[in-house]
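Since the model is a prediction, treat every value here as computed from it, not as a measurement. In what follows, chains are A, B, ... by sequence order, proteins preceding strands, each numbered from 1.
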Amino acid sequence: MAVIQPGDLNTAHGKSSYKDPDVPGFFARWFYSTNHKDIGTLYLIFGIISGIIGGTLSFYMRAELAAPGIQVFESEQAYNVFFSMHGLIMIFFMVMPALIGGFGNWFVPIMVGAPDMAFPRMNNLSFWLLPTALICLLISFFVPGSASGNGFGGSWVMYPPLSTTGNPGPAFDFIIIGLLAAGFSSIFGAINFITTILNMRAPGMTIHKMPLFAWAMLVTAFLLLLALPVLAAALFMLFTDRIDGGTAFFNPALGGDPQMFQHLFWFFGHPEVYIMILPAFGIVSHIVSTFSKKPIFGYLGMAYAMVAIGVVGFVVWAHHMYTIGMDVNLKAYFVAATLVIAVPTGVKIFSWLATMWGGSIRFTIPMMWALAFIFLFVVGGVTGVVLANAGVDAYLHDTYYVVAHFHYVLSMGAVFGIFAGWYYWHGKMFGYHYNKWLAGLHFWTFFIGVNVIFFPQHFLGMQGMPRRYIDYPAEYAFWNYVSSMGALITAVSMVVFFVVVIEAFLMRNKRRVADNYWGEGATTLEWTLPSPPPFHQFNTLPRIK
Amino acid sequence: MRHIGTSLATLVAFALASTASAQVAGRPVERGIDFQEPVTPVAEMLVNFHHVFLLPIIVGIVLFVLVLMIYILFRFRESANPVPSKTSHNTWLEVVWTIAPVLLLLVIVVPSMRLLYFQDTIPPADMTIKATGDTWAWNYAYPDFDAQVEEYVSNMLDEDTANQLDVPYLLASDAPLVVPVDTTVKVLVTSNNNMHSFAMPSFGIKMDAVPGVVNETWFKVTKEGTYYGQCSEICGIKHAYMPIHIEVVSKQAFAQWVVNGGTFDAPADIAMTEQPNMESASATALPK
């Protein structure tokens, strides 16, 4: 990885070698912004807002499921709308904006030694498409979906015929438009990241010296670029299928094929799960290295493991649809290909452990999140190995076991990655530190909360409880109750998070941080800049030896 | 001697049943954490594969990582190890942790394939049934016996009725699917509108009901009883209200049920007059 010689800094891009241009006024700065750091901040704020919406939806679901019977929701339709929108909002408007738009925008240009993203105006467009998209999704709550009420209740997978003839109202049209906008936002962002990383690295920053977060973002951007157009096509086909007298791509009565949509959707959907987790891999690598005071172990293996995960991620999609009625040989192929993913993932886990081996480990707040990430990702990963076996999946498919599995890799994987990055770069982004005790409280309550929510769901799945059910037989009551108590703990934890944010802001003048407040182990380029970095950094490019 | 053996077995069975009152086949149990009791060869193989291969391996991996992590965090904490090493490569180690998971996966993939092909290869069937998903109920038809049993709708019992009959609400239906025990049954699954999924945990089967497509699966239940499954593909507002309720009865009882035109309450005059021949039934089954 790149090593910066302290001597270079003064001559190459020390604070005195350039002066900040005039920072624009509030409206121009935050609404016409072309600055990668400001856009990154906007993405983070946007991610937090979406997280509140998506989290609230899930809290209502857990409240409903705390006991058998129907207590919270007025109708099944409302419940279906809530879980569908929870999935879409958390994926497209919370995890992706926070990890890719937020931390990606903030730190990829800095880490590769570039003054900004390659296409700053396209970056602005990428961001502003997202609030537009979210507004479309929020409108869909309040317009007719199916005969049973407002909103779209066909789950985030949007399978036809439920999303065509099953939900003829405008609610789903708003979702299609919103997701198309979000998809284009991501495609533009991907083009921007790829161009920046391939063309704007500072002199001496070869691709094999590039920090792992930049590597993660490069792989993620390629996944976005290749996967999202397929989603866009599938959504557009749904859109034209929904028009009276329109197409019939997925309508069997007119010669179409509903299974085809699932193939298209999961051809996007499986890379999408790596899109959400690879940036977190990158963040965790930096944190583990920093707080072990050691360079990352097996750097090349780590980088190419991510490339391998990205490549294999495109040829395993049908393991999401083993029960749809596929040829057995096809299933056998997808079982084998899916199991292969465990190998590069194992390389990553063991390399993190080897990075810590022999290190001088400090238990800071971001390190706690990163350590929890590693362990919980292993837990979520091994249940993925179970589900990869099509034979066993015939039992576990569409049960709570699947819900537990993907929340362990997302709600604990990706989200722990987000919080790890937040607490790691908080001082760098905002220039002041948070209260460690409060942040520790946030970590421990969140850690306990999400485990109490999702671990019992393995048991519910083993017992056969299907997903997307508003009501369940009384035998499932106990573990559902435990799970809902976990949601309560997590909700309290999220309040603590906002207390951390607000307290840190109020105390900002007393907690200014230095350029490299983590010290010895933090070796990437962002730590050579002031905290927060100047409005434009690297007016003279740094040279990497 | 034989009598003693039988009563001993009964006693043991009774003891097991009372200690693990949990063991009611065909439905979830309170606070259960395991698979539902398997009652078909496929489900038994599935549960064995999970318990013998998958579960020990995944628990082993998690414990291995956990123990290693705790050791590393303790041994190399800042106060115990203030000067970090600078090691960042070890080719031998990297090769080992790439190869070891591959070997572990080979251990998994062999029984996994055996299960998959056993589950997915439909043996010569003794009879065929057809389950059609609808919004929101299952329709069952017996193509082999369509002269006697008309296609019928299986609706979930509402809460009051279920409580009156002391059957589980959300699982029990007014017209269960009836099949004979120890009989290879081929199931054709399709849908009239939205997608649904025909799932029976204790049989180890789950097959999506897709409009315009006839999927097939099979089961051979080894134990008479009442079995419950639930629709397992989101199909709209009443997704949670279309259970799959299967009564597995003796071959005689099934034959009687068919003769009665799909009911156990035999009208006195036609009872037991005509036993449908299972062999001829399989001859009329749909060609695979």
Enumerate donor-acceptor pairs with a distance under 3.5 Å from any side-chain N or O in residues 90-99 of chain B to protein atoms, sequence neighbours excluded.
| unit_1 | atom_1 | unit_2 | atom_2 | d |
| --- | --- | --- | --- | --- |
| B/Asn90 | OD1 | B/Trp92 | N | 3.3 |
| B/Asn90 | OD1 | B/Leu93 | N | 3.2 |
| B/Thr98 | OG1 | B/Glu94 | O | 2.7 |

Identify every side-chain donor-acceptor pair in residues 337-348 of chain A under 3.5 Å, counting partners at least two apart or on other chains, and give the distances.
| unit_1 | atom_1 | unit_2 | atom_2 | d |
| --- | --- | --- | --- | --- |
| A/Thr338 | OG1 | A/His319 | ND1 | 2.8 |
| A/Thr338 | OG1 | A/Phe334 | O | 2.5 |
| A/Thr345 | OG1 | A/Ile341 | O | 2.7 |
| A/Lys348 | NZ | A/Met302 | O | 3.1 |

Without placing hydrogens or testing angles, list every side-chain donor-acceptor pair under 3.5 Å for residues 251-261 of chain A, not counting sequence neighbours.
| unit_1 | atom_1 | unit_2 | atom_2 | d |
| --- | --- | --- | --- | --- |
| A/Asn251 | OD1 | A/Ala253 | N | 3.0 |
| A/Asp257 | OD1 | A/Gln259 | N | 2.8 |
| A/Gln259 | NE2 | A/Ile324 | O | 3.0 |

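Neither the backbone nor the side chain of B/Val42 comes within less than 4.5 Å of any heavy atom in chain A. Both the backbone and the side chain of B/Asn81 have a heavy atom closer than 4.5 Å to some heavy atom of chain A. When heavy atoms are compared at a cutoff of 4.5 Å, A/Asp471 approaches chain B by way of both its backbone and its side chain. Interface residue B/Ile234: backbone and side-chain heavy atoms are both found under 4.5 Å from chain A. Neither the backbone nor the side chain of A/Asn480 has a heavy atom closer than 4.5 Å to any heavy atom of chain B. Of the two parts of B/Tyr241, only the side chain, counted from C-beta on, holds a non-hydrogen atom closer than 4.5 Å to a non-hydrogen atom of chain A. If you measure heavy-atom distances from B/Phe64 to chain A, the contacts under 4.5 Å come from the side chain alone. With a 4.5 Å cut-off on non-hydrogen atoms, B/Gln119 touches chain A through its side chain but not through its backbone. Proximity to chain B is absent for every atom of A/Leu376, based on heavy atoms less than 4.5 angstrom apart. In this structure, chain A has heavy atoms under 4.5 Å from both the backbone and the side chain of B/Phe35. There is no contact between A/Phe250 and chain B, counting heavy-atom distances below 4.5 Å. When heavy atoms are compared at a cutoff of 4.5 Å, B/His239 approaches chain A by way of both its backbone and its side chain. Both the backbone and the side chain of B/Cys231 come within contact range of chain A, with heavy atoms under 4.5 Å apart. There is no contact between A/Gln457 and chain B, counting heavy-atom distances below 4.5 Å. Contacts between B/Tyr71 and chain A at a heavy-atom distance below 4.5 Å involve the side chain alone, from C-beta outward. For B/Glu159, no part lies near chain A; criterion is any non-hydrogen pair under 4.5 Å. For A/Phe291, no part lies under 4.5 angstrom from a heavy atom of chain B. Looking at B/Met207, both its backbone and its side chain come within 4.5 Å of chain A, counting heavy atoms on both sides.
Counting only distance, with no hydrogens or angles, the side chain of B/Asp120 and the backbone of A/Asp327 share no donor-acceptor pair below 3.5 Å. B/Asp34 places no side-chain N or O within donor-acceptor distance of the main-chain N or O of A/Gln463, the cut-off being under 3.5 Å. A/Trp479 contributes a side-chain N or O that, together with a main-chain N or O of B/Gly32, makes up a donor-acceptor pair within less than 3.5 Å. Distance alone, capped at 3.5 Å, is enough to place a donor-acceptor pair between the A/Tyr395 side chain and the B/Gln36 backbone. Here the side chain of B/Glu78 pairs no donor or acceptor atom with the backbone of A/Ile361 at under 3.5 angstrom.
Minimum interatomic distance between B/Ile72 and A/Met356 (heavy atoms only, all atoms of both residues): CG2-CB, 3.6 Å. The shortest non-hydrogen separation linking B/Asn193 to A/Pro161 is O-CG, 3.3 Å. Looking at every heavy atom in both residues, A/Tyr401 comes nearest to B/Ile58 through OH-CD1, 4.4 Å. Nearest heavy-atom pair across B/Ser88 and A/Ile296 is CB-O, 3.7 Å. Nearest heavy atom pair, residue B/Met69 against residue A/Leu353, reads CG-CD2, 3.4 Å.
For chain B, the option among A/Ser351, A/Gly166, A/Gly149 with the highest count of heavy-atom pairs below 4.5 Å is A/Ser351. Ranked by heavy-atom pairs under 4.5 Å with chain B, the first of A/His397, A/Gln77, A/Glu520 is A/His397. The candidate with the highest count of non-hydrogen atom pairs below 4.5 Å against chain B, out of A/Leu371, A/Ile470, A/Leu300, is A/Leu371. Interface check for chain B: of the options A/Asn329, A/Val385, A/Ile349, the most heavy-atom pairs under 4.5 Å are formed by A/Asn329. Between chain B and the residues A/Tyr469, A/Tyr476, A/Phe297, the largest count of heavy-atom pairs under 4.5 Å involves A/Tyr469. The candidate with the highest count of non-hydrogen atom pairs below 4.5 Å against chain A, out of B/Phe49, B/Phe118, B/Tyr117, is B/Tyr117. Your options are B/Ser197, B/Ala80, B/Gly236, B/Ser79, and the one with the most heavy-atom pairs under 4.5 Å with chain A is B/Gly236. The candidate with the highest count of non-hydrogen atom pairs below 4.5 Å against chain B, out of A/Pro456, A/Gly521, A/Ala332, A/Ala390, is A/Ala332. When each of B/Val102, B/Ile108, B/Leu66, B/Ile205 is scored by its heavy-atom pairs under 4.5 Å with chain A, the top score falls to B/Leu66. Heavy-atom pairs under 4.5 Å with chain A peak, among B/Ala199, B/Gly204, B/Ala100, B/Pro82, at B/Pro82.
You'll find the side chain of B/Ser112 reaches within 4.5 Å of the side chain of A/Val335, heavy atoms only. A heavy-atom distance below 4.5 Å is not found between the side chains of B/Arg77 and A/Ser360. Contact check for A/Phe375 versus B/Val62: side-chain heavy atoms found under the 4.5 Å cut-off. The side-chain heavy atoms of A/Glu76 and B/Lys238, taken from C-beta on, include no pair separated by under 4.5 Å. For the pair B/Lys86 and A/Lys294, the minimum side-chain heavy-atom distance is 4.5 Å or more.
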*Show your working on side-chain contact (heavy atoms from CB on, under 4.5 Å) between A/Glu475 and B/Arg31 and close with a plain yes or no.*
CA-CA 7 Å; A/Glu475 287 87 351; B/Arg31 302 189 186 199; over 6 Å; no

*Give the intermediate values and the outcome of side-chain contact (heavy atoms from CB on, under 4.5 Å) for residues B/Leu116 and A/Asn389.*
CA-CA 8 Å; B/Leu116 176 62; A/Asn389 299 286; over 6 Å; no

*asked:* I'd like to know whether B/Ile33 forms a side-chain contact (heavy atoms from CB on, under 4.5 Å) with A/Met462, so could you lay out the CA-CA distance, the side-chain angles of the two residues, the decisive distance to 0.1 Å, and finally the verdict.
replied: CA-CA 6 Å; B/Ile33 63 169; A/Met462 292 288 279; over 6 Å; no

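Comment: B/Lys206 does not engage A/Asp398 in a salt bridge, judged by the lack of any side-chain N to carboxylate O separation of less than 4.0 angstrom.
Atom SG in B/Cys235 sits 11.0 Å away from atom CZ in A/Arg468 (nearest 0.5 Å).
For residues 164-173 of chain B, a heavy-atom distance under 4.5 Å to chain A picks out B/Tyr169, B/Leu170, B/Leu171, given by residue number.
A donor-acceptor pair shorter than 3.5 Å cannot be found between the side chains of B/Asp208 and A/Tyr322.
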